[in-house]
A.B. asks: 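Got a structure for you, written out below as structure tokens; questions coming shortly.
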Amino acid sequence: MKIPLSKGADLHLQPRPGTDGALILGMLQVIISEGLYDSDFVKRWTVGFEQLAQHTNPYSLEKVEGITWIPGEKIQKAARLFASGGPSCIVQGTNALDQHSSGFQNQRGITILQAITGNIDIPGGFISPDLGGPPSMTGVAPTRLPDLISEMPLGADKYPLFFEAGKVFFGEGQGMSLYQSLINSKPYPIKSMIISGANPLLTWPNTEKMEAALKNLEFLAVMDIFMTRTARMADLVLPAATFLERTDFFEYGIGQGLPYVILRKKVIQYQECWQDLKFWLKLAQQTGYQKYFPWETVEEVLDYVLKPTGLSVAGLKEKPEGIKFGRVKFKAYEEKGFPTPSGKVEIYSKTLKKMGYDPLPTYIEPKEGPKNDPETFKEYPLILTTGARILEYPHSQMRNIGSLKKRFPEPLVEINPITAERYGIKDGEKILVETKRGSIEIKSKVTENILKEVINISHGWEEANVNFLTDEFSCDPVSGYPGLKSLLCRIKKVEGG
């Protein structure tokens with residue numbers, strides 16, 4: 001799609017949804033074949049460059065153009081610009097490259113693209129600041145609950161690398177395995193749930209199946225600020241706290257690359273609305289698990305998490321503007337190497353190979369797509385991409401705010417004028433969008449900002465819930481992330497719409 005940033009760009013590439021991996025391999029092929037890589041960095045700090053060169057050789061400009069729909073000359077120009085116009089880096093949007101059949105390999109390919117061009121840990125390139133410690137709430141539970149886990153987290157057997165890597169931060173399973181556990185009790189039954197700050201009936205794939213799964217529970221509690229679509233199914237709804245009613249801290253290192261932390265201070269208390277941390281502490285006390293949650297107050301928990309950094313809640317209170325911590329040190333790998341078995345950028349990964357995955361970044365055609373599923377493509381000849389962010393609404397939030405509703409009042413399906421004309425659809429008319437999972441009616445927005453043969457629907461709308469059209473099966477084989485951004489669909493005008 002053409003976004004405001006792309007409209008000011010010198011070069012804009014618009015790939016067919018789900019083909020980013022092929023585009024990356026095509027750019028790598030150009031860079032390697034034309035000798036545009038950083039030979040010194042490759043020689044000293046990478047493993048598997050020769051295998052990569054052989055692996056990318058078949059991805060000619062002609063082949064990649066056929067896969068991605070991007071003209072070959074544009075791919076070549078982009079590769080040359082990235083490799084020679086330095087410093088260069090790729091700033092990735094949230095989920096856009098993950099929610100595909102080759103989402104994990106997309107990320108590897110981008111990392112390798114930046115590495116072989118010498119754009120790792122340099123000014124203007126891809127940097128990873130030394131945060132000086134792990135100031136993250138996600139580190140609390142895994143360090144204290146190992147003996148409470150009687151079963152492996154869901155999906156740990158199917159997605160072992162996702163689970164092993166995630167143990168460092170989350171210790172969680174893969175949510176796409178939750179459906180089967182709730183419906184079929186496989187690999188084990190789940191009889192009760194607490195959902196906090198989430199609205200899966202609007203934001204998770206396959207809404208119909210998710211609703212059936214939640215109905216199977218013996219008990220469901222939802223903790224939220226509003227009576228959401230999911231909360232209306234709950235046996236118990238608990239009032240959550242807004243950002244004004246909670247004490248927490250925010251660090252910018254993960255998302256923005258800045259070694260900076262600031263305290264969010266509680267300023268009001270409205271009736272019995274509790275912040276999540278207070279709720280979990282009290283629940284642990286009431287259910288006999290206090291030894292795993294030995295803190296009495298929210299601030300004690302925050303101090304525990306901040307301790308490795310040398311910071312504290314009291315210290316952050318004295319600095320309402322925030323505190324810089326850690327550092328950005330360029331080429332830090334020259335002192336301690338990279339956090340890999342070899343200490344280098346592992347273009348060819350023996351770890352992945354040992355676990356049964358492709359050791360090199362490999363393109364996987366979308367499970368539903370014109371090339372991988374031609375029979376379905378005959379019946380559903382358009383590509384549906386979902387979940388594009390709307391500035392006014394994060395996920396399913398804030399649709400009850402009048403000023404935002406005025407700016408963006410209703411769900412829309414974006415469709416190219418050429419595609420719209422073929423189906424006899426005019427701007428503002430209601431159309432039916434169907435996939436193999438289901439259908440929704442939604443108003444059209446005819447725009448040249450989107451590729452022909454592709455339509456886009458944002459998520460989070462109860463009036464036209466796009467997740468009636470998605471499923472949890474088209475997953476990346478490594479991460480288990482669902483393929484929400486490259487599905488097949490068909491459309492038709494709704495009579496009288």
A.B. asks: Has the side chain of Ser349 got a donor or acceptor atom that lies under 3.5 Å from a matching backbone atom of Glu346?
C.D. replies: no

A.B. asks: Quick check against the 3.5 Å criterion: does Arg16 have a side-chain atom that pairs as donor or acceptor with the backbone of Leu451?
C.D. replies: no

A.B. asks: For Ile75 versus Gly26, what's the shortest heavy-atom pair and its separation?
C.D. replies: CG2-C, 4.3 Å

A.B. asks: Given 3.5 Å as the limit, does a donor-acceptor pair link the side chain of Ser479 with the main chain of Asp476, or not?
C.D. replies: no

A.B. asks: Can you see which heavy atom on Cys489 is nearest to which on Ile455, and at what distance?
C.D. replies: SG-CD1, 3.5 Å

A.B. asks: So Tyr380 and Thr376, side chain to side chain contact (heavy atoms under 4.5 Å, CB included) or not? Walk me through it.
C.D. replies: CA-CA 6 Å; Tyr380 298 90; Thr376 299; 3.8 Å; yes

A.B. asks: Which residue is it: Leu484, Ile390, Leu202, Thr203? I am looking for the one with a side-chain contact (heavy atoms from CB on, under 4.5 Å) to His459.
C.D. replies: Thr203

A.B. asks: Identify, with sequence neighbours excluded, every residue that meets salt bridge (charged side-chain N to carboxylate O under 4.0 Å, His left out) alongside Lys77.
C.D. replies: none

A.B. asks: Taking salt bridge (Lys or Arg N to Asp or Glu O under 4.0 Å) as the cut-off, I'd like each qualifying pair that reaches into residues 22-44, sequence neighbours left out, listed once.
C.D. replies: Glu34-Arg80, Asp40-Arg44

A.B. asks: Just wondering, do Tyr159 and Ser177 contact through their side chains at under 4.5 Å, heavy atoms?
C.D. replies: yes

A.B. asks: Just one of Thr470, Asn467, Asn465 clears the side chain to side chain donor-acceptor pair (under 3.5 Å) bar with Thr207, so which one?
C.D. replies: Asn465

A.B. asks: Quick one: closest heavy-atom pair of Leu13 and Ala78, and the distance?
C.D. replies: CD1-CB, 3.8 Å

A.B. asks: Would you check if the side chain of Thr111 reaches a backbone N or O of Gln107 as a donor-acceptor pair within less than 3.5 Å?
C.D. replies: yes

A.B. asks: Determine the interplanar angle of the Tyr37 and Phe49 rings, folded into 0 to 90°, and report it as parallel if under 30°, tilted if 30 to 60°, perpendicular if over 60°.
C.D. replies: tilted

A.B. asks: For a side chain to side chain contact (heavy atoms under 4.5 Å, CB included) check, start with the C-alpha distance between Val454 and Thr385, then their side-chain angles and the critical distance, and finish with the verdict.
C.D. replies: CA-CA 7 Å; Val454 178; Thr385 185; 4.2 Å; yes

A.B. asks: Output the distance between atom CD (Gln114) and atom CD1 (Ile127), rounded to the nearest 0.5 Å.
C.D. replies: 11.5 Å

A.B. asks: Is the closest side-chain heavy-atom distance between Phe249 and Leu302 below 4.5 Å?
C.D. replies: yes

A.B. asks: What about Phe293 and Trp280, are their ring centers closer than 6.0 Å?
C.D. replies: no

A.B. asks: Taking the side chain as every heavy atom from C-beta outward, state whether Tyr59 and Met27 have any pair of such atoms under 4.5 Å apart.
C.D. replies: no

A.B. asks: Between Thr340 and Gly343, is there a donor-acceptor pair closer than 3.5 Å when you use the side chain of the first and the backbone of the second?
C.D. replies: yes

A.B. asks: Under a 3.5 Å threshold, yes or no: a donor from one side chain and an acceptor from the other, between Asn416 and Glu448?
C.D. replies: no

A.B. asks: Indicate yes or no: at least one non-hydrogen side-chain atom of Ile31 is less than 4.5 angstrom from one of Leu113.
C.D. replies: yes

A.B. asks: Before giving the answer on side chain to side chain donor-acceptor pair (under 3.5 Å), spell out for Asn449 and Glu414 the whole-Å C-alpha distance, their side-chain angles and the decisive distance to 0.1 Å.
C.D. replies: CA-CA 8 Å; Asn449 287 341; Glu414 294 176 287; 5.5 Å; no

A.B. asks: Give me the atom names and distance for the closest heavy-atom approach of Pro482 to Cys475.
C.D. replies: CA-SG, 4.0 Å

A.B. asks: Please identify which of these residues, Glu368, Glu365, His100, Lys367, meets the side chain to side chain donor-acceptor pair (under 3.5 Å) condition with Ser486.
C.D. replies: His100

A.B. asks: Check whether any side-chain heavy atom of Leu316 sits under 4.5 Å from a side-chain heavy atom of Ile323, and report yes or no.
C.D. replies: yes

A.B. asks: Okay, side chain of Gln275, backbone of Leu277: is any donor-acceptor separation there less than 3.5 Å?
C.D. replies: no

A.B. asks: Is the cationic atom of Lys307 (NZ for Lys, CZ for Arg) positioned less than 6.0 Å from the six-membered ring centroid of Tyr304 and within 45 degrees of its normal?
C.D. replies: no

A.B. asks: How long is the gap from OG1 on Thr447 to NZ on Lys2, to the nearest 0.5 Å?
C.D. replies: 8.0 Å

A.B. asks: Charged N to carboxylate O below 4.0 Å: is that the case for Asp471 and Arg437?
C.D. replies: yes

A.B. asks: Val47 and Val345: side chain to side chain contact (heavy atoms under 4.5 Å, CB included), yes or no, with the steps?
C.D. replies: CA-CA 6 Å; Val47 174; Val345 176; over 6 Å; no

A.B. asks: Rounded to the nearest 0.5 Å, what separates atom OH in Tyr393 from atom CE in Met398?
C.D. replies: 10.5 Å

A.B. asks: When rounded to the nearest 0.5 angstrom, what distance separates NZ in Lys485 from OG in Ser101?
C.D. replies: 13.5 Å

A.B. asks: May I ask you to say whether Arg246 pairs ionically with Asp276, meaning some side-chain N is under 4.0 Å from a carboxylate O?
C.D. replies: yes

A.B. asks: Would you check if Phe82 and Asn119 make a side-chain contact, meaning some heavy-atom pair closer than 4.5 Å?
C.D. replies: yes

A.B. asks: Determine, stepwise, if the pair Glu299 / Lys317 fulfils salt bridge (charged side-chain N to carboxylate O under 4.0 Å, His left out).
C.D. replies: CA-CA 11 Å; Glu299 290 192 6; Lys317 283 182 177 179; 2.9 Å; yes

A.B. asks: If you count heavy atoms of other groups shown closer than 6.0 angstrom to CD of Gln54, is the number above 12?
C.D. replies: no

A.B. asks: If every non-hydrogen atom of Tyr348 is compared with every non-hydrogen atom of Lys353, which pair is closest and at what distance?
C.D. replies: OH-CD, 3.9 Å

A.B. asks: With the threshold set at 4.0 Å, does a side-chain nitrogen-carboxylate oxygen contact exist between Arg407 and Glu392?
C.D. replies: yes

A.B. asks: Can any side-chain N or O of Arg108 pair as donor or acceptor with the backbone N or O of Pro359 at less than 3.5 Å?
C.D. replies: yes

A.B. asks: Where do Lys278 and Val298 come nearest, in terms of heavy atoms and distance?
C.D. replies: N-CG2, 3.8 Å

A.B. asks: Which is it for Ile116 and Leu28 under the side chain to side chain contact (heavy atoms under 4.5 Å, CB included) test, yes or no, and what are the steps along the way?
C.D. replies: CA-CA 9 Å; Ile116 70 165; Leu28 285 168; 3.6 Å; yes

A.B. asks: From Gln180 CD over to Lys158 NZ, what is the distance, rounded to the nearest 0.5 angstrom?
C.D. replies: 8.5 Å

A.B. asks: Count the heavy atoms belonging to other residues, nucleotides or ligands that lie under 6.0 Å from CZ of Phe243, then report whether that count exceeds 12.
C.D. replies: no

A.B. asks: Got a sec: does the NZ of Lys7 have more than 12 other heavy atoms crowding it under 6.0 Å?
C.D. replies: yes

A.B. asks: Is there a side-chain contact between His55 and Thr362, using heavy atoms and a 4.5 Å cut-off?
C.D. replies: yes

A.B. asks: Nearest 0.5 Å, please: how far is OH in Tyr357 from CG in Leu352?
C.D. replies: 8.5 Å

A.B. asks: Side-chain donor-acceptor pair under 3.5 Å between Asn199 and Thr230, yes or no?
C.D. replies: yes

A.B. asks: When you compare the side chain of Leu97 with that of Ile110, does any pair of heavy atoms fall below 4.5 Å?
C.D. replies: yes

A.B. asks: Going through the checks in order, is the ring-ring contact (aromatic ring centres under 6.0 Å, His included) test met by Tyr179 and Phe473?
C.D. replies: CA-CA 10 Å; Tyr179 297 79; Phe473 292 119; 8.1 Å; no

A.B. asks: Go through the side-chain N and O atoms of Ser102 and Gln105 and say whether any donor and acceptor fall under 3.5 Å apart.
C.D. replies: no

